[in-house]
Amino acid sequence: MAEAAPTDAAPTEPQARHVVYCGVCSLPPEYCEFGGTAKRCKEWLEQHHGDMHEKLYSEEAITASLSTLSVDAQKRAEKDSKKKEAKAAAAEAREAEAKKEAMVYIKRVERNKRKYVTAVSGLEAHGMDLKKVAKEFGKKFATGSSVTKTASGGEEIVVQGDNSDDIFDWVVDVGGVPDENVECIEDKKKKSAG
């Protein structure tokens with residue numbers, strides 16, 4: 001007896017979809033325009049997924065999507081897109097200005113007689129991940145290094161030993177922070193009157 005061939009009416013397993021997520025805003029590229037970083041998202045998509053960029057942002061795709069809108073809706077969409085671009089550009093400028101003005105403080109703190117720790121604060125304003133930087137310091141200087149909370153509610157990296165000069169060099173060279181934005185402070189604990 002011959003085996004019956006499968007029919008088209010048989011339910012098929014749903015196939016998993018491969019969804020691309022933007023490397024800038026983490027949304028699917030179709031929704032990047034609703035985030036605040038549309039310009040950077042568009043550049044990222046062009047670099048990493050040229051075919052999808054062509055599909056979403058080519059002249060034909062834009063005119064096809066605009067042709068389905070009424071004249072008033074087209075004008076509103078154009079006005080909204082210009083407003084979003086201006087807002088994103090202003091946000092980038094503010095972020096760059098804040099980054100330019102942000103200070104990094106490297107403080108050498110005396111613990112016991114000749115023992116020191118070096119505390120580094122202000123790196124997060126320059127887009128650095130404190131935990132990764134603390135791990136990097138620990139490897140580079142072969143000492144203990146950790147992220148701790150400060151009394152003011154912020155976070156700082158505490159490195160065992162007097163490494164303030166080496167940390168200054170690392171922050172300027174590797175971290176890309178201008179040296180006029182890095183300040184070294186020496187903090188001695190007061191001796192108790194006893």
Side-chain angles (χ1 to χ4, degrees), residues 8 11-106 120-137 147-157 170-183:
D8 290 335
T12 59
E13 286 281 323
Q15 297 296 315
R17 291 183 179 231
H18 175 70
V19 179
V20 175
Y21 292 99
C22 176
V24 177
C25 69
S26 73
L27 294 172
E30 295 87 2
Y31 297 98
C32 284
E33 64 184 279
F34 301 110
T37 58
K39 185 178 177 185
R40 287 190 293 164
C41 293
K42 191 174 176 181
E43 292 168 359
W44 179 88
L45 188 65
E46 188 173 17
Q47 287 177 350
H48 294 87
H49 298 280
D51 54 333
M52 188 174 285
H53 179 270
E54 186 66 28
K55 186 176 118 185
L56 292 174
Y57 296 107
S58 67
E59 286 295 321
E60 299 86 38
I62 292 172
T63 55
S65 63
L66 285 177
S67 66
T68 60
L69 299 174
S70 67
V71 176
D72 291 338
Q74 283 181 8
K75 288 179 182 175
R76 277 196 312 270
E78 206 171 294
K79 186 178 175 184
D80 287 348
S81 69
K82 286 181 182 176
K83 189 187 268 186
K84 280 184 183 178
E85 284 179 19
K87 201 174 193 181
E92 275 185 37
R94 275 195 310 273
E95 188 176 296
E97 186 67 28
K99 198 174 194 180
K100 193 166 62 173
E101 292 177 1
M103 292 293 292
V104 174
Y105 297 101
I106 301 172
V120 184
S121 59
L123 290 175
E124 64 277 354
H126 291 276
M128 294 185 213
D129 183 12
L130 293 183
K131 287 185 179 182
K132 289 181 181 175
V133 173
K135 192 170 187 175
E136 176 80 22
F137 285 167
V147 178
T148 59
K149 298 232 183 270
T150 61
S152 61
E155 290 184 330
E156 67 182 4
I157 298 174
W170 187 93
V171 168
V172 172
D173 297 338
V174 180
V177 179
D179 58 351
E180 60 267 5
N181 287 20
V182 181
E183 187 175 330

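Side-chain atoms are counted along with the backbone in the values below, which use heavy atoms only and exclude waters and symmetry mates.
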Do the non-hydrogen side-chain atoms of [X] and [Y] ever get within less than 4.5 Å of each other?
| X | Y | answer |
| --- | --- | --- |
| V177 | V172 | no |
| C22 | L45 | no |
| L130 | E156 | no |

Output the distance between atom [atom1] ([X]) and atom [atom2] ([Y]), rounded to the nearest 0.5 Å.
| X | Y | atom1 | atom2 | answer |
| --- | --- | --- | --- | --- |
| I106 | S121 | CD1 | OG | 9.0 Å |
| F137 | I157 | CZ | CD1 | 5.5 Å |
| D80 | K87 | CG | NZ | 10.5 Å |
| C25 | R40 | SG | CZ | 9.5 Å |
| L56 | K42 | CG | NZ | 10.0 Å |

Results of salt bridge (charged side-chain N to carboxylate O under 4.0 Å, His left out) for E30 - residues two or more places apart only: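 Once residues adjacent in sequence are excluded, E30 has no partner under the salt bridge (charged side-chain N to carboxylate O under 4.0 Å, His left out) criterion.
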Report, as yes or no, whether the 6.0 Å neighbourhood of atom NZ on K135 holds more than 12 heavy atoms from other residues, nucleotides or ligands. no
What pairs with [X] under side-chain contact (heavy atoms from CB on, under 4.5 Å), at least two apart in sequence or on another chain?
| X | result |
| --- | --- |
| V174 | W170 |
| H48 | W44 |
| E85 | none |
| M103 | Y105, N181, E183 |

Could you list the residues that satisfy side chain to side chain donor-acceptor pair (under 3.5 Å) with [X], not counting sequence neighbours?
| X | value |
| --- | --- |
| T150 | S152 |
| E46 | none |
| S26 | none |
| K149 | E155 |

